[in-house]
Amino acid sequence: MKYWLMKSEAAVYSIVDLKRDKKTVWDGVRNYEARNFLRAMYPGDEAFFYHSNAEPSGVAGVMRVSCAAFADPSQFKRRDIHFEPKAMPEAPIWSAVEVSFISAFPKVVALEELRKATALKNMALFRRSRLSVQPVTPAEWRTILRLAGRAA
DNA sequence: GCCAACGTTGGC
DNA sequence: GCCAACGTTGGC
(Lines give C-alpha, C1' and ligand atoms only; values in the text may rest on other atoms or scores of the structure.)
Protein backbone atom coordinates (compact mmCIF):
# COMPACT_ATOMS: atom_id res chain seq x y z
CA MET A 1 0.00 0.00 0.00
CA LYS A 2 1.24 3.48 -0.88
CA TYR A 3 0.68 6.89 0.65
CA TRP A 4 -0.14 10.13 -1.13
CA LEU A 5 -0.97 13.77 -0.60
CA MET A 6 -3.62 15.49 -2.71
CA LYS A 7 -4.32 19.21 -2.74
CA SER A 8 -7.62 20.98 -3.15
CA GLU A 9 -8.50 24.60 -2.64
CA ALA A 10 -10.50 24.52 0.55
CA ALA A 11 -13.09 26.97 -0.77
CA VAL A 12 -13.67 24.79 -3.84
CA TYR A 13 -13.77 21.33 -2.23
CA SER A 14 -12.75 20.58 1.35
CA ILE A 15 -12.58 17.64 3.74
CA VAL A 16 -16.01 18.72 5.00
CA ASP A 17 -17.42 18.24 1.52
CA LEU A 18 -15.79 14.82 1.22
CA LYS A 19 -17.17 13.79 4.61
CA ARG A 20 -20.65 14.74 3.42
CA ASP A 21 -20.25 13.04 0.02
CA LYS A 22 -18.51 9.93 1.47
CA LYS A 23 -16.61 9.63 -1.83
CA THR A 24 -15.75 11.75 -4.83
CA VAL A 25 -14.04 11.66 -8.21
CA TRP A 26 -10.72 13.48 -7.89
CA ASP A 27 -10.72 15.12 -11.31
CA GLY A 28 -9.35 18.24 -12.97
CA VAL A 29 -5.66 17.39 -12.50
CA ARG A 30 -3.88 19.01 -15.45
CA ASN A 31 -0.23 18.42 -14.78
CA TYR A 32 1.57 15.43 -16.25
CA GLU A 33 3.61 14.56 -13.21
CA ALA A 34 0.56 14.71 -10.95
CA ARG A 35 -1.37 12.65 -13.48
CA ASN A 36 1.31 9.98 -13.48
CA PHE A 37 1.01 9.74 -9.71
CA LEU A 38 -2.77 9.29 -10.06
CA ARG A 39 -2.08 6.46 -12.48
CA ALA A 40 0.28 4.84 -9.95
CA MET A 41 -2.47 4.65 -7.31
CA TYR A 42 -4.18 1.44 -6.34
CA PRO A 43 -7.39 0.83 -4.39
CA GLY A 44 -6.51 0.71 -0.72
CA ASP A 45 -3.80 3.35 -0.94
CA GLU A 46 -4.30 6.17 1.52
CA ALA A 47 -3.94 9.89 0.94
CA PHE A 48 -3.82 13.06 2.96
CA PHE A 49 -6.37 15.67 2.00
CA TYR A 50 -4.41 18.94 1.82
CA HIS A 51 -6.27 22.26 1.96
CA SER A 52 -4.59 24.90 -0.17
CA ASN A 53 -5.47 28.59 -0.17
CA ALA A 54 -6.94 28.02 3.26
CA GLU A 55 -6.76 29.56 6.69
CA PRO A 56 -4.60 27.81 7.58
CA SER A 57 -3.40 25.74 4.65
CA GLY A 58 -2.40 22.24 5.69
CA VAL A 59 -3.34 18.59 6.04
CA ALA A 60 -7.01 18.30 6.97
CA GLY A 61 -7.70 14.58 6.98
CA VAL A 62 -7.27 11.16 5.46
CA MET A 63 -8.95 9.44 2.54
CA ARG A 64 -8.70 6.12 0.76
CA VAL A 65 -8.19 5.56 -2.93
CA SER A 66 -11.30 3.52 -3.68
CA CYS A 67 -10.96 3.13 -7.43
CA ALA A 68 -7.87 2.97 -9.63
CA ALA A 69 -7.22 5.64 -12.27
CA PHE A 70 -9.65 6.02 -15.17
CA ALA A 71 -10.16 8.65 -17.87
CA ASP A 72 -11.06 11.97 -16.26
CA PRO A 73 -14.62 12.62 -17.54
CA SER A 74 -14.16 16.41 -17.38
CA GLN A 75 -11.70 16.39 -20.29
CA PHE A 76 -14.54 15.48 -22.69
CA LYS A 77 -17.07 18.05 -21.46
CA ARG A 78 -17.04 20.98 -23.85
CA ARG A 79 -18.41 23.48 -21.36
CA ASP A 80 -16.26 22.31 -18.46
CA ILE A 81 -13.36 24.48 -17.36
CA HIS A 82 -11.23 21.32 -17.61
CA PHE A 83 -12.26 20.54 -21.20
CA GLU A 84 -9.35 19.22 -23.27
CA PRO A 85 -10.01 19.52 -27.02
CA LYS A 86 -7.16 17.17 -27.90
CA ALA A 87 -8.52 14.34 -25.75
CA MET A 88 -10.50 11.61 -27.55
CA PRO A 89 -12.59 8.99 -25.73
CA GLU A 90 -10.42 6.28 -27.28
CA ALA A 91 -7.26 8.27 -26.41
CA PRO A 92 -7.80 10.15 -23.15
CA ILE A 93 -5.04 12.43 -21.89
CA TRP A 94 -6.02 13.03 -18.26
CA SER A 95 -6.81 10.65 -15.44
CA ALA A 96 -8.87 10.71 -12.27
CA VAL A 97 -9.32 8.43 -9.28
CA GLU A 98 -12.16 7.90 -6.85
CA VAL A 99 -11.42 8.65 -3.21
CA SER A 100 -13.41 7.85 -0.07
CA PHE A 101 -13.56 9.69 3.22
CA ILE A 102 -11.73 8.10 6.15
CA SER A 103 -11.33 10.86 8.72
CA ALA A 104 -11.09 14.58 9.31
CA PHE A 105 -8.47 15.74 11.79
CA PRO A 106 -9.85 17.62 14.81
CA LYS A 107 -7.47 20.39 13.80
CA VAL A 108 -5.74 20.99 10.47
CA VAL A 109 -2.01 20.26 10.63
CA ALA A 110 -0.90 23.66 9.36
CA LEU A 111 1.80 24.17 6.78
CA GLU A 112 3.81 26.07 9.38
CA GLU A 113 3.78 23.00 11.64
CA LEU A 114 4.79 20.73 8.76
CA ARG A 115 7.71 23.06 8.04
CA LYS A 116 8.89 22.92 11.62
CA ALA A 117 9.05 19.13 11.68
CA THR A 118 12.59 18.17 10.67
CA ALA A 119 11.38 14.67 9.76
CA LEU A 120 9.37 16.30 6.98
CA LYS A 121 12.00 18.55 5.50
CA ASN A 122 12.42 16.39 2.41
CA MET A 123 8.71 16.11 1.68
CA ALA A 124 7.69 16.56 -1.94
CA LEU A 125 5.45 19.31 -0.60
CA PHE A 126 8.50 21.48 0.03
CA ARG A 127 10.72 20.32 -2.79
CA ARG A 128 8.18 20.48 -5.60
CA SER A 129 6.09 23.59 -5.48
CA ARG A 130 2.63 23.50 -7.09
CA LEU A 131 2.53 19.72 -7.50
CA SER A 132 -1.06 18.85 -6.55
CA VAL A 133 -0.70 15.06 -6.30
CA GLN A 134 2.42 13.66 -4.72
CA PRO A 135 3.78 10.61 -2.90
CA VAL A 136 4.31 10.54 0.87
CA THR A 137 6.80 8.17 2.49
CA PRO A 138 5.66 5.85 5.33
CA ALA A 139 7.85 7.81 7.76
CA GLU A 140 6.33 11.11 6.66
CA TRP A 141 2.88 9.59 6.92
CA ARG A 142 3.44 8.52 10.53
CA THR A 143 4.96 11.88 11.44
CA ILE A 144 1.95 13.79 10.13
CA LEU A 145 -0.51 11.45 11.86
CA ARG A 146 1.36 12.10 15.08
CA LEU A 147 1.19 15.87 14.52
CA ALA A 148 -2.54 15.44 13.99
CA GLY A 149 -2.84 13.71 17.34
CA ARG A 150 -3.59 10.37 15.75
CA ALA A 151 -1.77 7.19 16.65
CA ALA A 152 0.47 6.09 13.82
C1' DG B 1 -3.79 41.39 -4.35
C1' DC B 2 1.08 40.37 -4.99
C1' DC B 3 4.45 37.62 -6.65
C1' DA B 4 7.79 33.50 -6.88
C1' DA B 5 8.01 29.10 -8.86
C1' DC B 6 7.55 26.70 -12.70
C1' DG B 7 5.02 24.19 -16.53
C1' DT B 8 3.37 25.10 -21.28
C1' DT B 9 3.14 27.27 -25.74
C1' DG B 10 4.68 28.94 -29.90
C1' DG B 11 7.89 31.73 -32.84
C1' DC B 12 12.05 31.20 -34.87
C1' DG C 1 15.80 22.76 -29.90
C1' DC C 2 15.97 27.32 -27.68
C1' DC C 3 13.82 30.54 -25.08
C1' DA C 4 10.61 34.49 -24.23
C1' DA C 5 5.96 35.11 -23.18
C1' DC C 6 2.34 33.59 -20.77
C1' DG C 7 -0.73 31.14 -17.50
C1' DT C 8 -1.39 28.74 -13.15
C1' DT C 9 -0.54 27.41 -8.38
C1' DG C 10 -0.54 28.59 -3.97
C1' DG C 11 1.72 31.02 0.12
C1' DC C 12 1.46 35.19 2.27
Readout for nucleotides 1-11 of chain B: B = base within 4.0 Å of protein heavy atom, S = sugar-phosphate only, - = neither; 5' to 3' it is ----BBSS---
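Proximity of the aromatic rings of W94(A) and Y32(A) is defined here by a centroid distance below 6.0 angstrom, and this criterion is met.
For OH of Y42(A), the number of neighbouring non-hydrogen atoms (other residues, nucleotides, ligands) closer than 6.0 Å is 12 at most.
Residue-level contact check: Y50(A) touches the backbone only, with heavy atoms under 4.0 Å from sugar-phosphate atoms and none from bases.
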For residues 109-122 of chain A, which side-chain N or O atoms pair as donor and acceptor with protein atoms under 3.5 Å away, sequence neighbours left out?
{"from": "N122(A)", "atom 1": "OD1", "to": "R127(A)", "atom 2": "NH1", "distance (Å)": "3.0"}

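Put simply, the side chain of Q134(A) does not reach to within 4.5 Å of the side chain of E33(A), judged on heavy atoms. Contact annotation: the side chain of N31(A) never approaches that of R130(A) to less than 4.5 Å [non-hydrogen atoms, C-beta and beyond].
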